[in-house]
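Shown next, in structure tokens, is the structure this report addresses.
When a ligand or atom number is given, it counts from 1 through the structure's own listing order.
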Amino acid sequence: METVQDVKMNVYKFGNKTADGNSKLKNLLGGKGANLAEMSWLGIPVPAGFTITTEICTKYNEVGREETIAMIRPDVEEAIVNIENIMGSTFGDKENPLLISVRSGARVSMPGMMDTVLNLGLNDEVVEGLAKKTNNERFAWDSYRRFIQMYGGVVLGMKPESKDDIDPFEEIMEHLKDKRHIELDTEFTVQDLQDLVYDFKDAVKKRTGHDFPTDPWDQLWGAVMAVFNSWNGDRAIYYRKMHNYPSEWGTAVNVQAMVYGNMGENSGTGVCFTRDAGTGEDVFNGEYLIDAQGEDVVAGVRTPLQITKLGSERWADLAKIEEDDRRENYPSLEEKMPEIFKELDEYQTKLEDHYRDMQDMEFTIQEGKLWILQTRNGKRTGAAMVKIAIDLLKSGMINEKEALLLLEPNKLDELLHPIFDPKALKRANIIAQGLPASPGAATGQLVFFADEADKYKNTILCRIETSPEDLEGMNIAKGILTARGGMTSHAAVVARGMGKCCISGAGALKINYKGRSLRVGDKIYHEGDWISLNGSTGNIIEGKVATVQPELSGEFAEIMELSNKYSKMKVRTNADTPKDAKVARNFGAEGIGLTRTEHMFFEVDRIRAMREMILAETVKGRKHALEELLPMQRKDFEGIFEAMEGLPVTIRLLDPPLHEFVPHQLATQKELAEDMHISLQAVKNKVAELEEFNPMLGHRGCRLGNTYPEITEMQTRAIIEAALNLKERGIEAKPEIMIPLIGTYNEYLEQEKIIRNTVNEVFEEREDSIEYLVGTMMEIPRATLIADKIAERADFFSFGTNDLTQMAFGYSRDDAGKFLPVYLEKGILTADPFETLDQEGVGQLVEIGTERGRKTKPNLKIGICGEHGGEPKSVEFCYNTNLNYVSCSPFRVPIARLSAAQAQIKAS
Ligand code: PEP
Ligand code: MG
């Protein structure tokens, strides 16, 4: 069995069925290096090579080139000798040369983000030797020109000088093709290739002032350092930011003997998957090309062929190619090289069995010999992910816990929302990008005003930002697009709740309401123009893109069942309507963690009574308006309780600042004045009076209930009467009344008193009672600090991490979009704290609040209802902090359920 060195080394060799490392050393050897070592142990034919560790990369960044080379030179020299011995050729030798590749490899795969150099070790003399050895002059010179081209670009900086320029080497090749009246690279003669090598080297000399390096060792050190440098290239940095990978990881460098797929008809190269990455179907599949190098398969110049006969037949069927034609001109590898196919098939089974996950492999056939160049866990769609996990579980390859850990919770999203037809997406023209605020796909005609959302059959509502007044229009539109706002902006929160596709904060959009148009760069889109949104990526696409509704498979249900089995933390939902509550319950929500009552007031028949309440100058006037609202609220709550029969429902008392409910446009103000029989001026005065500099820190939350206790009374009455009405119908309601935005003990006490008095009043009137709880949001830092005191009275806490984040950071939820992108770009913040809970700071407040609350009441029920309640990393944090539940928007419930199970499995 494999024995891995205990002492950490700088360079790890592999090849010939043995290796210094293995797949457990991913952090040190990178994913590619660790898997090459592992494959070598498994007896799979990998070209011999070695890996320089990620720690050397980090060291290089500290001490620079010379010191790094001095440190690793003896190890690298020894490792090259090892390759020479295994491969039977010599680096730099003129008769029997060894050529090598130098590739990056971080601990996670970062496709195309870093640099690679192939065919290294060639110079004017070695190329002659290669030609003789292979008896293929063309191959030798083609390899040489490819090497100079690649090395020149990657190591010597021979890149286009401006974005209008083309690659300097491509320019030389184009020039020669023109001169020779040819079109394809394959048409170059040996003489052409020799001329190209000469011209390439000349261009290098002219541009860099130095000769192209002829010493293979100089070439090798240059390439190694270039790969290290590429870890800090723009592409890699961008990719790291996107995925939140720390820069400290560094990249390893893999140096390996070259093998060639372009040495004639018995050579080839390809890529294959142990299962279907799109559907998860358990079929070996992939593509290959005869007489080609790796990049030819991806470059798309030649059409690759299918590896298996089955795949080939399916492909031909789609491409409408007759069987005879297929067999003759597009044969599968299985038919063309049955022996090689058999061997490859053996390896793919062995690798999947070994890694116990779907593998994505690269291979090369050199003159009838198969080499495996790479294997890694394959990327897959959400649907494939679920199917593969369940299939592997059923086959006995993995156990239940491993099946759950194989899943990426966020990818479940893809299964729950309409998606773009993958075929249509290939042709999509992306015009701008925003934040992927709410996933799914939407396609529709542009409208710019919420009240025009029904102007066409399918619309995309495009706003600078949305407000609660837009709610109805948002509900009608197929998708929502805003130029401003972050992941917790109004549009984002509401859209997620609705399970509606939304892109927010697309700063490149210049919206002109007057002109009913939208400008992106110098292109203008008008109302009625078709546009498509990919809420999962944030891509804004020109025109119509076909969508398809994903189907929920039996495997999905099995995953959810397993999640429950392994998770003691509950998952509730944030839902404001019976419809949302039902959706969430279908997804497995175990109650409601937050009903935001304000959303109900925006419906047409309610907003009038609400405005009347706000405009009233006296308590009596207010009470009158509230009486009108009472039956409507009661009905809302009945619907929600019914949908959640038998499960707890947390209802939060009114929270937002009142100005959100009054009209801000002159025309609507006029209407309101007429309707209320008061002067326009009186309406304007009221609107002005409600205006606040910092409404998010202003007259909202329990400050409303404490200044207008009649609002608390009405809402409490509506909740309790609704619950009693259901009781009469034999339906169990479990209300939990939640007070928002508590900062002091007395604020809580005052509200609680009103609530309990009102409840008792209703109980007396009805001569009946029910169980109910009174508790509070924990969303002001001060409240978390005095949680022990508040817990003396409160039955439960729910962390409102949206406000808690806002107030802990001092970043306004409404305005943070102006600077957060820059902060993320510059690395001042590593993640948007409104999206992923800031465990370092805000997390401490959650821990303190929990600890102090439970000091007073050891069994205090505690949950979270901020947007973080459905984000996997934050869910894990909540589990580790011992919260009883997380609550999230309906469509995030499955994600939270899986995340909760994963957190528990990891912790055990
Ligand atoms: C919160 O602040 O986290 C919360 C859930 O309440 P809202 O987003 O409605 O302020
Ligand atoms: Mg809040």
Side-chain angles (χ1 to χ4, degrees), residues 437-438 466-468 471 485-498 504 572-577 580 592-602 649-658 660-661 694-705 715 736 738-743 747-748 751 775-784 796-816 832-838 842-843 845-846 849 862-871 874-875 877-878 883 885-890 892 896:
S438 181
T466 65
S467 80
L471 199 70
M487 296 296 286
T488 56
S489 66
H490 177 265
V493 172
V494 172
R496 275 201 293 277
M498 292 173 173
S504 65
R572 296 195 189 183
T573 189
N574 293 355
D576 309 335
T577 64
D580 287 356
I592 288 182
L594 173 64
T595 291
R596 291 177 164 104
T597 49
E598 59 270 21
H599 288 170
M600 302 161 178
F601 294 127
F602 287 104
V649 174
T650 307
I651 297 176
R652 182 181 70 188
L653 303 179
L654 193 65
D655 183 15
L658 295 182
E660 287 193 7
F661 298 92
N694 292 305
M696 271 297 174
L697 299 179
H699 195 179
R700 61 172 284 222
C702 69
R703 299 157 205 171
L704 288 172
Q715 292 200 294
E736 302 179 341
M738 181 155 74
I739 307 166
L741 224 65
I742 290 293
E747 274 178 320
Y748 181 82
Q751 281 293 285
T776 180
M777 300 276 292
M778 278 279 146
E779 49 186 347
I780 290 191
R782 189 181 192 282
T784 66
F796 66 89
F797 287 171
S798 177
F799 284 96
T801 42
N802 299 337
D803 274 312
L804 198 58
T805 300
Q806 160 169 267
M807 288 182 236
F809 275 89
Y811 296 167
S812 152
R813 285 165 69 174
D814 292 332
D815 300 318
D832 180 343
F834 289 106
E835 205 182 314
T836 304
L837 187 79
D838 158 53
V842 181
L845 293 171
V846 176
I862 305 180
I864 177 180
C865 63
E867 288 307 300
H868 309 92
E871 191 278 323
S874 315
V875 173
F877 172 82
C878 292
L883 299 198
Y885 68 85
V886 294
S887 187
C888 55
S889 51
R892 297 221 121 218

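When each atom of ligand 1 is checked for a heavy atom of L594 under 4.0 Å away, the hits are 5 (C).
Protein N/O/S atoms closer to the Mg ion (ligand 2) than 2.8 Å number 2 in this structure.
Between D655 and R700 a salt bridge is recorded (basic side-chain N to carboxylate O distance below 4.0 Å).
Not a single heavy atom of M807 lies less than 4.0 angstrom from ligand 1. Note on ligand 1: R813 sits in its first shell, one or more heavy atoms being nearer than 4.0 Å. The shortest heavy-atom distance from M777 to ligand 1 is under 4.0 Å.
E779 is listed as a side-chain neighbour of P740, based on a closest heavy-atom distance under 4.5 Å.
Shown are T650, T595, I592, L594; of these, the side chain to side chain contact (heavy atoms under 4.5 Å, CB included) with N574 is made only by L594.
In this structure, R703 has no salt bridge (charged side-chain N to carboxylate O under 4.0 Å, His left out) partners at least two apart in sequence or on a different chain. The ring-ring contact (aromatic ring centres under 6.0 Å, His included) test applied to F661 returns F602, not counting sequence neighbours. Considering only residues two or more places apart in sequence or on other chains, T801 meets the side-chain hydrogen bond (donor to acceptor under 3.5 Å, both in side chains) condition with H868.
At the shortest separation from atom 6 (O) of ligand 1 among protein heavy atoms lies R652 NH1, 2.9 Å. Among all protein heavy atoms, the one lying closest to atom 9 (O) of ligand 1 is R596 NE, 2.8 Å.
Put simply, the side chain of N802 never gets that close to the backbone of G866: no donor and acceptor are under 3.5 Å apart.
On a distance-only criterion, N802 and ligand 1 share at least one N/O pair closer than 3.5 Å.
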